[in-house]
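First the structure, in the form of structure tokens, and then the observations on it.
As the structure lists them, so they are numbered: ligands from 1, and atoms in each ligand from 1. It should be emphasised that the depicted structure is a prediction, and the values quoted were computed from it without experimental measurement.
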Amino acid sequence: DSKHLYTVVVLGASGDLATKKTFPALFGLYKNKYLSQKTHIIGYARTKMNQATFEGHVSKHIKLKSEGDKAALQQFLRLCSYQSGQYDQDNDFQILEKHIEDLERNSGATARLFYMALPPSVFINVAANLKKNNYREGIKIRLIVEKPFGKDLESSRKLAKDLGALFSENEVYRIDHYLGKEMVKNLMILRFANVIFGSVWNRHSIDNVQITFKEKIGTEGRGGYFDEFGIIRDVMQNHILQILTLVAMEPPVSLDAEDVRDEKVKVLRFIPPIVKENILLGQYIKSEDGKEPGYLDDKTVPKGSKTPTYAAATLFIENERWSGVPFVLKCGKALDQQKTEIRIQFKDVAGNLFSNLSRNEIVIRVQPNEAVYVKMMNKEPGLGTKTIISDLDLSYSSRFIDIAIPEAYESLILDALNGDHSNFVRDDELIAAWKIFTPILQFIDQGKIDPIPYPYGSRGPKGVSEFVAKHGYTRGQQE
Ligand code: BG6
């Protein structure tokens with residue numbers, strides 16, 4: 001499958017996602033020779049642009065680190081072309097078809113990758129037009145789609161059904177870009193290729209699991225989009241739940257995409273819907289120094305909105321491995337730092353041989369500064385037998401000095417080109433994920449929970465520490 005030569009069509013090519021993520025990732029793949037010199041890339045969107053403007057747009061967020069990069073970009077831009085068109089006009093997709101066919105004649109491409117970087121409102125229109133006008137027997141089709149995949153169980157089911165009527169599940173690649181992150185891809189190896197981790201990865205040894213996502217920035221101009229979704233739909237129900245799934249799933253039979261995804265669906269189905277006692281919501285207000293605006297100061301946010309920009313939620317997995325172990329998920333915008341990490345906290349050591357012990361923890365830092373470290377007790381060096389908490393620390397920046405960590409989008413686009421679905425979200429997985437969150441989201445959407453205000457740049461709403469402590473997490477020595 002990987003031998004196919006592609007024509008790549010980016011739909012929504014003038015948007016934020018395409019400029020910030022898709023084009024830089026395609027360039028990264030091209031530069032590192034993962035894309036053939038003959039791969040044509042077509043941008044399609046409503047905005048009228050000439051070739052020069054489009055090239056400016058493609059290059060806008062591409063970082064050039066050397067003279068070699070500059071030369072590669074010039075070559076890359078020669079493969080890029082643009083066509084403006086409406087999303088609901090048959091005729092425009094026929095023109096697109098002619099454009100693709102002209103390029104295919106020249107390149108000999110045998111496959112097409114349609115990358116849908118589009119708002120949900122035009123999504124099905126575009127898919128239908130592609131199916132009708134740009135689908136050719138004998139030419140391999142791959143369709144990358146981006147969230148939001150619906151807003152709740154019902155809308156997600158409808159979207160899956162409408163898309164399923166046009167393209168087979170095998171042709172669809174649903175992106176959750178967290179699945180392309182280096183440390184997220186590392187989770188299965190850490191768990192299933194290490195006896196020392198694998199054998200303690202259960203409720204007998206683990207007390208609780210914390211998964212945290214923090215961002216320093218607020219909604220900054222994206223308030224209009226964000227307000228309809230909120231932090232749970234924007235980050236927790238997808239990115240953070242995907243991490244949880246990989247932390248908690250059983251070992252798959254093989255690394256085949258369907259075997260991996262079967263296990264992911266299975267573990268999600270063991271999670272009952274979140275109850276309101278196990279959720280805490282926040283919304284940011286002006287920073288303490290008054291310099292940064294509050295969420296409601298964003299002009300695109302409706303007055304009096306109760307949309308959460310922070311959420312903490314506790315989930316339980318009711319199976320043999322995890323029953324009784326709280327998984328505490330915390331996500332927030334406009335906080336004191338940017339960080340995504342997984343913290344697995346172990347139980348207390350039995351007996352009372354030593355005093356002043358902290359619990360063991362395995363911490364997997366997804367970003368920034370990828371690392372895995374284990375918090376462990378050690379003898380404080382010197383005379384006496386005092387205990388001290390220490391780290392076994394694998395920091396990527398010092399251990400893998402010459403290895404550049406690829407961007408998530410590069411990794412995922414490459415997987416899609418190779419026909420590998422392992423790191424994409426399957427339709428039944430999505431349904432299982434929505435089942436966990438839909439009841440609480442409906443309750444929140446009815447305005448039944450007032451988010452707790454927290455200042456921009458702070459550690460989050462008051463009460464988070466208590467919320468976390470209630471579910472078992474204890475702070476260690478010197479913390
Ligand atoms: C996106 C969300 O999916 O993920 C954004 O819509 C969020 O709100 C982003 O900022 C975080 O991604 P990353 O890769 O910057 O951690």
If you have a sec, work out which protein heavy atom is nearest atom 8 (O) of ligand 1 and how many Å separate them, to one decimal?
-> D234 OD2, 2.5 Å
Mind checking whether K333 has an N or O less than 3.5 Å away from an N or O of ligand 1?
-> yes
Distance-only N or O hit between ligand 1 and Q338, under 3.5 Å | no
Would you name the heavy atoms of V425 and R174 that are closest together and state the gap between them?
-> O-NH1, 2.8 Å
What orientation do F76 and F27 show, parallel under 30°, tilted 30 to 60°, or perpendicular over 60°?
-> perpendicular
If we number the atoms of ligand 1 from 1 as shown, the ones under 4.0 Å from a heavy atom of K181 are 13 (P), 14 (O), 16 (O)
Taking the six-membered ring where the residue is Trp, are the ring centres of F23 and H61 under 6.0 Å apart?
-> no
Honestly, for Y178 the part within reach of ligand 1 (heavy atoms, under 4.0 Å) is side chain
Please test M183 against V372 for side chain to side chain contact (heavy atoms under 4.5 Å, CB included), starting from the C-alpha separation and ending with a verdict.
-> CA-CA 9 Å; M183 293 314 272; V372 183; 3.4 Å; yes
Run the side-chain hydrogen bond (donor to acceptor under 3.5 Å, both in side chains) check on Y456 and D297 step by step: do they pass?
-> CA-CA 12 Å; Y456 193 117; D297 299 329; over 6 Å; no
Should the pair Y115 and Y409 be assigned to parallel (<30°), tilted (30 to 60°) or perpendicular (>60°) ring geometry?
-> tilted
Heavy atom of the protein closest to atom 3 (O) of ligand 1 (residue, atom name, distance) | H239 NE2, 2.7 Å
For Y225 and ligand 1, does the shortest N/O to N/O distance drop below 3.5 Å?
-> no
Nearest heavy atom to atom 12 (O) of ligand 1, choosing from E215, H177, K147, belongs to H177
